[in-house]
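We're numbering straight along the sequence, starting at 1. Note that the structure is a prediction, hence the values are computed from the model and not measured.
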Amino acid sequence: PSVDPDGRLRQTARMPDRPSPAPLGGAAAAQEARLERAIGVRQLTASVINVTVGAGIFALPALVAARMGSDAPLAYLACAGLMAFVVASFAIAGSRVSLTGGIYAYAEVAFGSYVGFLIGVLMWAGAVLSVSSVASALIDAAGAILPWVTTSVGRPLTLAAMFAVLAAVNVRGVRRGAGLVEVMTVLKLFPLLFFVGVGVFFVGGAAGGGAAAPETAGSLGDTVLLLIFAFLGIEVALLPSGEVRDPARTVPRAVFAALGLTTLLYLAVQFVAHGVLGAELARHTATPLAEAAAAFGGPAARSLLLVGAVVSMFGYVTGDMLATPRMLYAFARDGFLPAPFARVDPDRHTPARAIGAHAVLVTALAASGSFERLAVLSNIALLSVYIMCCAAAWELDRRGVQQGGVPFTMPGRRIVPLVAIGIIVWVLSYATAREFAVLGLVLAAASAAYWLRRRGS
């Protein structure tokens, strides 16, 4: 703890009565000090946008149109409004805790190592399964251009080469990894910006212009339930929080900027797609943007949007390679994995072994191509993590935890996380008992591993 100028005691670390195998101020703090804080507002904003704007936006407009027709923008605005409460909770927590691990670190500081470990396991598992699925889908999409990459030999070799290159880039320095994410963010956004910038002049043409209602009317709530997943991904971008420059200032600015820019992009894409295709948009569920581009730009425009989907998926993978390996590093830093995974390269200042291990694991999982069925479970795990982040934001603010800089504040900051929790619980109410049972098994296994580790230490 330290003392503010007005004489009040300020808590700057975990409460001393909370057990942890690696308390702040000891080995963990020494490890964190060796990381380079090189991620600023621009880089973090690009990282959040990169992992949020995924391949789904290339198919999403048709699904939304099928439910809401020309009223689809209302669903985007409602979803963005709901996510604003969640993002505010991230800003509150992220401005108070600057350790590597993102939500894992927030929960660990707020509630102790046990809760932090459970959250970390859910985050890591969800991220690994998600990026494995995206990488597998990327190979399938690339196979339409280069068929040999989908063969029994070409698939694992292509995946291994891709992740080896990405691992090498990230091992060489966080600046290089963050720089690659910025480049991929621009590349993945270019087809979408082209679609909006050119397509807007064709809105209201022969095919479009209609405000026809969808064939199957859906409620706003059902559509928001679908759309909210298009706004997820912020937790991945915040994993390298130990390498964020001035997190008390950077995290709030970056997450709100990313939410605003993403919402504007989604609204513009939906407006153009519906304006060009009209009621036909809902029928093109596989490649709606490509079909809309073909309507105003011909085969070349269609090909650009198809390639854009592949680039978007690759951009997601690059963002994951920057962020998710830091979870392995954080686990090892806190004593839950072998110490070598927490070693920081003395020259490049990166957790090189954690990055390499993640690349090997994801390559093996993606090569099997069997993880799409776990997408729903991954989303449930992720939303459970979001609940704990919101709860951590409330607790960190209540205790006045402050690890550096003036923390983010806003009117009603004690109420915002509680509202966010209520929203997430509503979304989770649509999950099945079987899916919650699987989640319970994962938590039980993680709990067993934690207590075995504690008894052995």
Side-chain angles (χ1 to χ4, degrees), residues 14 18-36 97 99-109 112-132 160 163-164 166-174 177 235-236 238-243 320-367 381 385 442-457:
R14 186 168 44 248
R18 295 191 183 276
S20 172
L24 295 178
Q31 287 283 16
E32 290 286 318
R34 299 172 66 181
L35 296 172
E36 181 183 9
V97 177
L99 287 171
T100 295
I103 301 177
Y104 165 55
Y106 307 159
E108 198 271 348
V109 173
S113 60
Y114 173 60
V115 174
F117 180 68
L118 294 184
I119 295 305
V121 168
L122 290 178
M123 279 187 62
W124 177 78
V128 166
L129 291 171
S130 178
V131 74
S132 298
F163 282 110
L166 291 177
V169 169
N170 282 276
V171 165
R172 293 187 65 183
V174 69
E235 76 291 338
V236 175
L238 290 179
L239 282 174
S241 46
E243 292 153 286
D320 174 83
M321 282 301 301
L322 171 66
T324 304
R326 270 64 180 183
M327 280 301 305
L328 294 179
Y329 161 83
F331 283 146
R333 178 200 65 199
D334 291 349
F336 295 111
L337 285 177
F341 289 109
R343 290 178 184 171
V344 176
D345 187 287
D347 299 320
R348 299 182 175 92
H349 307 288
T350 57
R353 297 192 181 188
I355 293 172
H358 177 73
V360 171
L361 176 61
V362 173
T363 298
L365 293 175
V385 169
V442 172
L443 292 175
S447 296
Y450 175 85
W451 293 112
L452 286 175
R453 164 68 179 82
R454 292 282 295 173
R455 295 181 70 178
S457 61

- Message: Apply side-chain contact (heavy atoms from CB on, under 4.5 Å) to residues I119 and Y106 and explain how you reach the verdict.
- Response: CA-CA 10 Å; I119 295 305; Y106 307 159; over 6 Å; no

- Given side-chain contact (heavy atoms from CB on, under 4.5 Å), test L443 with L122 step by step and report yes or no. CA-CA 8 Å; L443 292 175; L122 290 178; 3.7 Å; yes

- Message: With side-chain contact (heavy atoms from CB on, under 4.5 Å) as the criterion, how do V128 and H358 come out once you've worked through the C-alpha distance, each side chain's angles and the decisive distance to 0.1 Å?
- Response: CA-CA 8 Å; V128 166; H358 177 73; 4.0 Å; yes

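The CZ atom of R333 lies 9.0 Å from the CE atom of M327; values are rounded to the nearest 0.5 Å. In this structure, CZ on F117 lies 11.5 Å from CH2 on W451, to the nearest 0.5 angstrom.
Summarising the geometry of F163 relative to A359, their closest heavy-atom pair is O-CB, 4.0 Å, with the distance given to 0.1 Å. Across all non-hydrogen atoms, the minimal contact from A366 to S132 is CB-O, 3.6 Å. Nearest heavy-atom pair, A354 versus P325, reported as atom, atom and distance to 0.1 Å: CB-O, 3.5 Å. The two residues W124 and L361 come nearest to each other via the heavy atoms CZ2-CD2, 3.3 Å. Closest non-hydrogen pair, T350 versus R326, comes out as CG2-NH2, 4.5 Å. Across V115 and A107, no two heavy atoms sit closer than the pair CG1-CB, 4.4 Å.
The backbone N or O of A339 lies less than 3.5 Å from no partner atom in the side chain of R343, so there is not a single donor-acceptor pair.
Enclosure of atom CZ in F331 by more than 12 non-hydrogen atoms of other residues, nucleotides or ligands within 6.0 angstrom is indicated.
When each of N170, V169, V362 is checked for a side-chain contact (heavy atoms from CB on, under 4.5 Å) with M321, only N170 meets the rule.
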